[in-house]
Amino acid sequence: MLTALSQRTKPTGPVGNSLTTGQLPRFSEIYVLVGAAVVSALLLLLIGFNVVGWLVLTAIFYLIALGLLSLVVENRRKATDRIVRGLVTIAFLLALIPLVSTLSTVIIQGAGELSWSFITQTGASTFDPDTLEVKQTPGALQAIVGTLIITGIAALISIPIGLFTSIYLVEYALPKQWLARTVTFLVDVMTGIPSIVAGLFAFSLFSILVGPKAFSGFSAAVALSVLMIPTVVRACEEMLRLVPGDLREASYALGVSKFATIVKIVLPTAIAGLITGIMLAIARVIGETAPIFLAASFTDNFNSNAFDGPMQTLPVLAYTGYAFPGSDIPASNASAWGAALLLVILVVILNLIARVIAKIFAPKGAR
């Protein structure tokens with residue numbers, strides 16, 4: 001009986017092949033892309049070849065050909081799906097172009113300048129009395145130290161304020177409470193503040209407290225903290241809201257206090273996302289130039305005292321190398337590219353450290 005039923009339900013002939021009919025071949029999209037590239041190249045060779053025009057025409061021909069081919073062989077729904085996927089892929093590739101172009105330019109231009117001496121020595125200008133020449137010695141030690149000090153102080157100011165604010169908004173504040181709405185509104189406003197305004201605020205504040213031209217690394221750190229606090233608040237708030245409410249309720253059911261629940265349950269559960277958000281905030285401010293230029297000015301001298309005198313940072317060194325080059329203009333430009341590459345490497349290192357820390361402190365089940 002089972003054999004008879006299996007024979008009756010087993011598809012035969014054209015019915016068995018109905019699932020595979022009406023579909024384009026597996027690599028049809030690649031074939032269509034290659035064909036579109038060839039056709040667009042041949043067309044442009046007749047009127048003048050251009051790389052940008054070739055890419056644009058290839059994308060247009062690819063979408064049109066793939067849509068028509070899918071419409072004829074498959075159906076309208078699949079044709080629409082293939083066209084939309086093609087548009088999404090093209091948009092993704094367009095988004096990658098500036099990123100790849102920027103990184104490749106910085107690496108190519110800065111790799112020749114990056115060396116151990118460039119990292120470990122302070123940039124300076126020396127006068128040779130024999131040749132009456134002013135030689136510029138490339139170096140970024142003062143900028144590296146200044147970047148780490150200013151960003152570190154800004155992080156020490158911003159992380160506790162941002163983290164505690166996000167804990168208040170998620171764990172303590174009521175949705176319609178006036179204070180919670182006010183804090184949320186102010187955070188939204190601070191998120192859109194231009195960086196130059198933060199620099200002007202810090203410069204004006206310390207000019208009133210200390211005196212005119214009160215340039216210091218601490219003043220720059222205050223300016224960066226104004227930019228960093230709202231980013232930390234938003235990132236940490238979203239991570240804390242992702243913690244399941246069941247964990248909190250289970251903790252309360254066991255008689256654990258709210259404070260202990262936050263410290264021992266909520267924060268350890270969200271630690272990976274919190275660290276990632278904080279590192280994103282640090283990466284967002286570490287490359288700022290305008291507020292540091294206004295609040296800490298710039299100098300080629302080594303200064304590790306954040307409370308006295310101007311300080312140099314890597315983004316400011318990259319900016320001044322082009323905006324205010326020394327007597328040796330090529331050397332100043334090369335130092336600017338080297339500082340830019342160092343800044344990119346520093347951001348990558350910080351992100352790697354954040355991932356390692358997040359993996360170490362994340363709950364065992366989330367690793």
Side-chain angles (χ1 to χ4, degrees), residues 17-111 191-192 231 234-235 238-239 241-242 272-273 275-287 337 340-341 343-352 354-356 358-359 362 366-367:
N17 296 328
S18 62
L19 295 177
T20 58
T21 58
Q23 292 185 358
L24 291 176
R26 181 178 180 184
F27 299 103
S28 59
E29 295 181 351
I30 298 177
Y31 299 149
V32 173
L33 179 61
V34 173
V38 173
V39 172
S40 59
L42 293 176
L43 182 61
L44 287 178
L45 285 176
L46 300 176
I47 60 176
F49 186 80
N50 182 274
V51 176
V52 177
W54 175 62
L55 293 175
V56 172
L57 280 180
T58 300
I60 295 174
F61 290 161
Y62 167 75
L63 292 176
I64 294 175
L66 185 62
L68 291 176
L69 188 61
S70 178
L71 184 62
V72 172
V73 177
E74 298 175 325
N75 53 52
R76 184 177 178 180
R77 181 179 61 83
K78 290 186 177 180
T80 304
D81 178 70
R82 289 185 182 274
I83 292 175
V84 171
R85 280 193 298 168
L87 290 173
V88 171
T89 304
I90 292 172
F92 170 71
L93 294 176
L94 288 175
L96 282 181
I97 289 175
L99 174 62
V100 174
S101 176
T102 303
L103 287 178
S104 60
T105 303
V106 171
I107 292 173
I108 292 172
Q109 298 287 344
T191 303
T231 306
R234 278 295 174 217
E238 293 301 324
M239 291 301 105
R241 291 190 187 279
L242 291 177
I275 294 177
T276 302
I278 290 171
M279 293 309 302
L280 288 175
I282 294 175
R284 182 246 190 270
V285 302
I286 198 173
W337 284 112
L341 182 56
L343 185 62
V344 172
I345 294 173
L346 183 60
V347 171
V348 172
I349 292 174
L350 290 176
N351 279 276
L352 291 176
R355 289 183 178 274
V356 172
K359 187 174 181 180
R367 294 184 183 179

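Note that the coordinates shown come from a computational prediction; the quantities given were computed from them, not determined experimentally.
- The heavy-atom pair separating L343 from G287 by the smallest distance is CD2-CA, 4.0 Å.
- In this structure, A79 and G67 approach most closely via the heavy-atom pair CB-O, 3.7 Å.
- Note that the OG1 atom of T231 and the CG atom of L280 stand 9.0 Å from one another [nearest 0.5 Å].
- In this structure, a donor-acceptor pair under 3.5 Å is present between the side chains of S70 and E74.
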Between L341 and I107, is a side chain to side chain contact (heavy atoms under 4.5 Å, CB included) present by the stated rule, with each step listed? CA-CA 6 Å; L341 182 56; I107 292 173; 4.0 Å; yes
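- With respect to R77 and D81, no salt bridge is recorded, no charged nitrogen being found less than 4.0 Å from a carboxylate O.
- Put simply, the side chain of S40 gets close to the backbone of A37: a donor and an acceptor are under 3.5 Å apart.
- Separation of atoms CD1 (I282) and CD1 (I275) is listed at 10.5 Å; rounding is to 0.5 Å.
- Crowding of R355 atom CZ: a count of heavy atoms from other residues, nucleotides or ligands under 6.0 Å not exceeding 12.
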List the steps, then state whether side chain to side chain contact (heavy atoms under 4.5 Å, CB included) holds for V348 with N351. CA-CA 5 Å; V348 172; N351 279 276; 5.8 Å; no
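- Note that CZ of R284 is 15.0 Å distant from CE of M279, once rounded to the nearest 0.5 Å.
- The distance from atom CG of L42 to atom CH2 of W54, rounded to the nearest 0.5 Å, is 11.5 Å.
- Between A65 and V32 the shortest heavy-atom distance is CB-CG1, 3.9 Å.
- Contact record, A235 with G277: CB-CA, 3.7 Å, taken as the closest heavy-atom pair.
- Of the inter-residue distances, the one linking I64 atom CD1 with I83 atom CD1 reads 9.0 Å to the nearest 0.5 angstrom.
- Among the candidates L99, V100, T105, the single residue satisfying the side chain to side chain contact (heavy atoms under 4.5 Å, CB included) test with L103 is L99.
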Test side chain to side chain contact (heavy atoms under 4.5 Å, CB included) applied to V73 and L69, step by step: CA-CA 6 Å; V73 177; L69 188 61; 4.2 Å; yes
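- Closest approach of L24 and S28 over heavy atoms only: CB-OG, 3.4 Å.
- Partner of L33 under the side chain to side chain contact (heavy atoms under 4.5 Å, CB included) criterion, out of L66, V38, T58: T58 alone.
- Taking the side chain as every heavy atom from C-beta outward, I108 and W337 never approach each other to under 4.5 Å.
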